[in-house]
Amino acid sequence: MVNKQTAEKPDLHPILRTVMLVPAGNVASYGQIADLAGLPGRARLVGKMLGQVPEGINVPWYRIIRSNGQLAFPPGSRHSELQTGLLQQEGVAVIRNRVKMRDFGWQPSLTTLLFELDY
DNA sequence: GGTGTGACAACAA
DNA sequence: TTTGTTGCCACAC
């Protein structure tokens, strides 16, 4: 069977495809994305890539935060305000530049991964 | 091939 | 909770 993501975004880097799997209303950490993308230990690469996402493609960069729940951008910065707004729109509570991973952290089921990630 | 750099992570105080 | 330190690894010089 042809995987949906692969069929529609064949040239997209695994990291970005993985980011697109994070559902609205949830957040994931850089390390988690790296792991799921098959690149354990490369959380920093995830950040680097998100900073270079070409315009026009729909990647929910704002759902990716640090493993401790903090937003990666400095509090009060324009980026963090934007990120906060986008998350709040989805129902994710952002308090003092941080999110409760306990409540909003993404925990994909094995079947989700098997169906959506095809590589 | 050494050195510095990241939208990080884990851990210690 | 906040700050510092160390580990991490691909990349660009």
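Residue numbering restarts at 1 for every chain, and letters A, B, ... go by the order of the sequence lines.
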inquiry  = Main chain of A:Tyr62, side chain of A:Gln83: is a donor-acceptor contact present, judged purely on distance under 3.5 Å?
reply    = yes

task = Would you indicate, yes or no, if B:dA9 has its OP1 or OP2 atom less than 4.0 angstrom from a side-chain nitrogen or oxygen of A:Arg42?
result = no

ask   = Hey, does A:Leu45 reach any base, or is it just sugar-phosphate, or nothing, if we go heavy atoms under 4.0 Å?
value = nothing

request  = Can you see which heavy atom on A:Pro60 is nearest to which on A:Val19, and at what distance?
outcome  = CG-O, 3.5 Å

ask   = How many Å lie between CE on A:Met49 and C1' on B:dT5, as a whole number?
value = 17 Å

task = Taking A:Gln32 for its side chain and A:Trp106 for its backbone only, find out whether a donor-acceptor pair lies under 3.5 Å.
result = yes

ask   = So what does A:Arg44 touch, heavy atoms closer than 4.0 Å: a base, only the sugar-phosphate, or nothing?
value = base

query = How long is the line joining CD of A:Gln32 and C1' of B:dA10, in whole Å?
reply = 16 Å

ask   = Looking at A:Ile15, A:Thr18, A:Leu71, A:Leu50, which hits side-chain contact (heavy atoms from CB on, under 4.5 Å) with A:Ile64?
value = A:Leu50

ask   = In terms of ring plane angle, is the pair A:Phe73 and A:Trp61 parallel, tilted or perpendicular, where the classes change at 30° and 60°?
value = perpendicular

ask   = Just how far, in rounded Å, is P of C:dA12 from CD of A:Gln52?
value = 9 Å

ask   = Do any of residues 60-95 of chain A sit with a heavy atom less than 4.0 Å from DNA chain B, and if so which?
value = A:Trp61, A:Arg66, A:Ser67, A:Ala72, A:Phe73

ask   = When the distance from CG of A:Leu39 to C1' of C:dA10 is rounded to whole Å, what number comes out?
value = 10 Å

inquiry  = Expressed as a whole number of angstroms, how long is the span from A:Arg98:CZ to B:dA9:C1'?
reply    = 15 Å

key: N/O donor-acceptor pair under 3.5 Å between A:Arg63 side chain and A:Val22 backbone   = yes

task = Could you check which nucleotide pairs with B:dA7 in any of the strands shown, counting Watson-Crick or G-U wobble with both distances under 3.5 Å?
result = none

